[in-house]
Amino acid sequence: MEVLLLYFLFINVLVFIFARYDKSQARKNNRRVPEKTLFLMALTGGSLGLLTAMLLFKHKTSKTSFIVKFTVILAIQSALIYAILNYKK
């Protein structure tokens, strides 16, 4: 269980850093972090880190397609967590 918690901490911090870097690159009109990378990191457990970065840095908050895809990821993860918690009962 501790390993799993450390993994989630690591992936969330990592995606937070990537999102911050992407935002700074966007301001400089430099090469950006691909959205697929951010989505993959969110899908593998980094949703809270990406959500935090989005809210703190106002990153990708005006891009509707990004918000929709991110919401789908959150919905899938929520459904999985719900299913896992109810399966153990």
Side-chain angles (χ1 to χ4, degrees):
M1 185 66 160
E2 290 176 15
V3 173
L4 189 60
L5 291 174
L6 285 174
Y7 168 76
F8 281 119
L9 177 65
F10 174 76
I11 193 69
N12 279 286
V13 168
L14 190 62
V15 73
F16 182 86
I17 291 168
F18 269 60
R20 177 68 180 126
Y21 175 75
D22 186 49
K23 179 68 173 187
S24 70
Q25 291 296 89
R27 288 182 177 155
K28 299 174 190 174
N29 288 324
N30 287 339
R31 189 171 180 169
R32 311 261 315 265
V33 176
E35 284 186 3
K36 287 182 182 182
T37 301
L38 296 174
F39 286 137
L40 181 62
M41 293 174 81
L43 193 59
T44 58
S47 297
L48 292 178
L50 184 55
L51 180 62
T52 303
M54 288 171 64
L55 296 174
L56 281 178
F57 310 130
K58 295 185 175 147
H59 186 52
K60 303 271 189 192
T61 55
S62 63
K63 190 169 183 186
T64 305
S65 65
F66 190 89
I67 298 294
V68 168
K69 291 172 188 174
F70 184 64
T71 303
V72 169
I73 289 172
L74 287 175
I76 290 169
Q77 290 176 337
S78 297
L80 285 172
I81 290 169
Y82 179 80
I84 290 169
L85 290 176
N86 282 322
Y87 177 74
K88 290 187 175 190
K89 288 184 178 180

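The structure presented is a predicted model; accordingly, all values stated were derived computationally and were not measured. Excluded from the calculations below are hydrogen atoms, water molecules and symmetry mates; all remaining heavy atoms, backbone and side chain alike, are included.
Criterion: ILVMFWY side-chain heavy atoms under 4.5 Å apart, direct or through other members. Under it, Leu9 and Leu48 are not part of a common hydrophobic cluster. Cluster membership check: Val68 does not share its hydrophobic cluster with Ile73, using side-chain heavy-atom separations under 4.5 Å among Ile, Leu, Val, Met, Phe, Trp and Tyr. Criterion: ILVMFWY side-chain heavy atoms under 4.5 Å apart, direct or through other members. Under it, Leu51 and Val72 are not part of a common hydrophobic cluster. Residues Phe10 and Ile17 are members of separate hydrophobic clusters, defined by side-chain heavy-atom contacts under 4.5 angstrom among Ile, Leu, Val, Met, Phe, Trp and Tyr.
When all heavy atoms are compared, the tightest approach of Phe39 to Phe66 is CZ-CD1, 3.3 Å.
Each salt bridge (charged side-chain N to carboxylate O under 4.0 Å, His left out) pair with one or both residues in residues 36-60, not counting sequence neighbours, appears once here: Glu35-Lys60. Sorted by first and then second residue, the side chain to side chain donor-acceptor pair (under 3.5 Å) pairs with a member in residues 8-17 form an empty list; sequence neighbours excluded. Applying the salt bridge (charged side-chain N to carboxylate O under 4.0 Å, His left out) test to pairs two or more places apart or on separate chains, those with a residue in residues 6-26 are Asp22-Arg32.
Of the possible donor and acceptor atoms, none in the side chain of Gln25 sits under 3.5 Å from a partner among the backbone N and O of Asn30.
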Atom pairs and distances, donor-acceptor, side-chain atoms in residues 74-81, under 3.5 Å, two or more places apart:
from: Gln77; atom 1: OE1; to: Ser47; atom 2: OG; distance (Å): 2.4
from: Gln77; atom 1: NE2; to: Ala42; atom 2: O; distance (Å): 2.8
from: Gln77; atom 1: NE2; to: Leu43; atom 2: O; distance (Å): 3.3
from: Gln77; atom 1: NE2; to: Ser47; atom 2: OG; distance (Å): 3.3
from: Ser78; atom 1: OG; to: Leu74; atom 2: O; distance (Å): 2.8

**OP:** In sequence, state the C-alpha distance, the side-chain angles, and the governing distance for Leu50 and Met41, and then conclude on side-chain contact (heavy atoms from CB on, under 4.5 Å).
**Re:** CA-CA 9 Å; Leu50 184 55; Met41 293 174 81; over 6 Å; no
Subject >> Check against side-chain contact (heavy atoms from CB on, under 4.5 Å), Thr71 and Ile67 >> reply: CA-CA 6 Å; Thr71 303; Ile67 298 294; 4.0 Å; yes
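Taking CE of Met54 as the start and CG of Leu38 as the end, the distance is 9.5 Å to the nearest 0.5 Å. Taking OG1 from Thr44 and CZ from Phe8, the interatomic distance works out to 8.5 Å, rounded to the nearest 0.5 Å.
Under the rule for a ring pair (Phe, Tyr, Trp, His ring centres under 6.0 Å), the partners of Phe57 that lie at least two apart in sequence or sit in another chain are Phe16. Listed by chain and number, the residues in a salt bridge (charged side-chain N to carboxylate O under 4.0 Å, His left out) with Lys69 amount to none (sequence neighbours excluded).
Summarising the local packing, OH of Tyr7 is surrounded by more than 12 heavy atoms from other residues, nucleotides or ligands at distances under 6.0 Å. For Phe18, the CZ atom counts as loosely surrounded, since its 6.0 Å shell holds 12 or fewer non-hydrogen atoms of other residues, nucleotides or ligands.
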